[in-house]
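We use all heavy atoms of the structure for the numbers below, so side chains are in, but hydrogens, waters and symmetry mates are not. Both counts, for ligands and for their atoms, begin at 1 and track the order of listing. Quantities reported herein were computed from a predicted structural model and do not represent experimental measurements.
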Amino acid sequence: MERRLEPEVMDDPEQAGAYAAADFDASNQAFADRCVEALRGVERGLVVDLGCGPADIPLRLARALPPGVRVVGVDASAAMLALARHAVGGAARVDLVRAYLPDLPLRPGACAAVVSNSLLHHLPDPAPFWRAVRALGRPGAPVVVGDLFRPPSEDDARRIVREAAVSDHPLLERDFFASLLAAFTIDEVCAQVRDAGLAGALRVGAVSERHLLVRGRLPG
Ligand SMILES: C[S@@+](CC[C@H](N)C(=O)[O-])C[C@H]1O[C@@H](n2cnc3c(N)ncnc32)[C@H](O)[C@@H]1O
């Protein structure tokens with residue numbers, strides 16, 4: 001099945017609200033656990049979460065990582081960031097920044113680690129994303145990028161949406177289906193990593209029937 005793009009930034013308040021209200025507990029915790037494992041040894045510094053959405057993952061990371069680590073969540077959507085600010089409240093060591101990738105207000109090499117979940121499939125062109133990952137992390141920084149991968153057919157996508165049952169909100173079901181069609185295949189992500197000059201540094205693989213994970217460390 002050919003990739004079919006979906007709208008990039010989730011700036012419709014109703015859409016953002018449906019996303020924030022959905023139950024992503026299991027998949028977000030699984031992603032956060034993988035980040036914590038990959039970040040073992042990172043005791044201080046800035047961890048950036050690209051496309052942080054309602055900030056559920058930055059909050060999980062800040063709770064689990066050592067006290068010297070701050071997590072900065074970046075998202076281009078004002079609606080998502082309003083929900084993220086509400087969720088973060090006064091939580092310690094979480095900052096939120098509204099910025100449109102790849103134009104980020106972070107200097108090159110600023111981050112001790114770079115993570116991102118479910119952003120990649122939103123991007124019409126993934127190359128600037130991988131350049132940003134490479135530029136933001138300091139040498140040797142852990143990188144963890146999770147996303148959906150595109151199923152072979154629309155029928156498979158429909159079945160995945162039906163079986164996942166993360167929410168019965170019609171907007172969320174619509175977006176989930178659109179996201180599966182917009183996602184990259186594992187081979188496509190391997191090619192992106194190779195084109196970014198990171199083939200020796202990052203590994204790409206499936207971690208569930210619908211999720212892929214890219215992990216490793218930036219070149220030293
Ligand atoms: C599916 S959500 C994922 C949210 C969160 N990472 C999670 O896993 O729950 C994707 C997010 O990426 C944001 N986004 C899309 N394109 C972006 C860009 N170019 N720069 C920054 N954020 C972007 C969207 O606004 C949306 O909030």
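Looking only at heavy atoms of the protein, atom 25 (O) of ligand 1 is closest to Asp75 OD1, 2.8 Å. When hydrogens are left out, the protein atom nearest atom 19 (N) of ligand 1 is Glu8 OE2, 2.8 Å; that is the closest non-hydrogen contact. Scanning the protein heavy atoms around atom 3 (C) of ligand 1, the nearest turns out to be Tyr19 OH, 3.4 Å. In terms of protein heavy-atom proximity, atom 2 (S) of ligand 1 is nearest to Met10 SD, 3.7 Å. Annotation: atom 10 (C) of ligand 1 to nearest protein heavy atom, Ser118 O, 3.4 Å. Counting protein heavy atoms only, atom 22 (N) of ligand 1 is closest to Ala76 N, 3.2 Å. Here the heavy atom of the protein found nearest to atom 8 (O) of ligand 1 is Asn117 ND2, 2.8 Å. Gly51 O, 3.3 Å is the protein heavy atom nearest to atom 4 (C) of ligand 1.
In Cys52, the part holding a heavy atom less than 4.0 Å from any atom of ligand 1 is the backbone.
Remark: Asp75 does not engage Arg98 in a salt bridge, criterion side-chain N to carboxylate O under 4.0 Å. Residues Arg60 and Asp25 are paired through a salt bridge, judged by an N-O separation under 4.0 Å between the basic side chain and the carboxylate. Ion pairing of Glu209 with Arg159 is present here, as a side-chain N (NZ or NE/NH1/NH2) and a carboxylate O approach within less than 4.0 Å. The pair Glu37-Arg215 does not count as a salt bridge, with every side-chain nitrogen at least 4.0 angstrom from each carboxylate oxygen.
The heavy-atom pair separating Met1 from Arg150 by the smallest distance is O-NE, 2.9 Å.
Proximity of Phe24 to ligand 1 is not established, as no heavy-atom distance is less than 4.0 Å. Proximity of Ala99 to ligand 1 is established by a heavy-atom distance of less than 4.0 Å.
There is no side-chain donor-acceptor pair under 3.5 Å between Glu14 and Tyr19.
The ligand atoms of ligand 1 that sit less than 4.0 angstrom from a heavy atom of Met80 are 27 (O). Within the listing of ligand 1, atoms 25 (O) sit less than 4.0 angstrom from a heavy atom of Ser77. When each atom of ligand 1 is checked for a heavy atom of Ile57 under 4.0 Å away, the hits are 8 (O).
Checked by atom type and distance alone, the side chain of Arg93 pairs as donor or acceptor with a backbone atom of Ala62 at under 3.5 Å. A donor-acceptor pair is defined here as one N or O able to donate and one able to accept, closer than 3.5 Å; such a pair exists between the side chain of Ser77 and the backbone of Met10.
When the heavy-atom distances from atom 23 (C) of ligand 1 to Asn28, Leu119, Asp12, Leu101 are ranked, the shortest goes to Leu119.
The side-chain tip of Arg3 points at the ring of Phe184 from less than 6.0 angstrom away and within 45° of straight on.
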Stepwise salt bridge (charged side-chain N to carboxylate O under 4.0 Å, His left out) test for Arg158 and Glu163: CA-CA 9 Å; Arg158 259 182 223 102; Glu163 289 175 4; over 6 Å; no
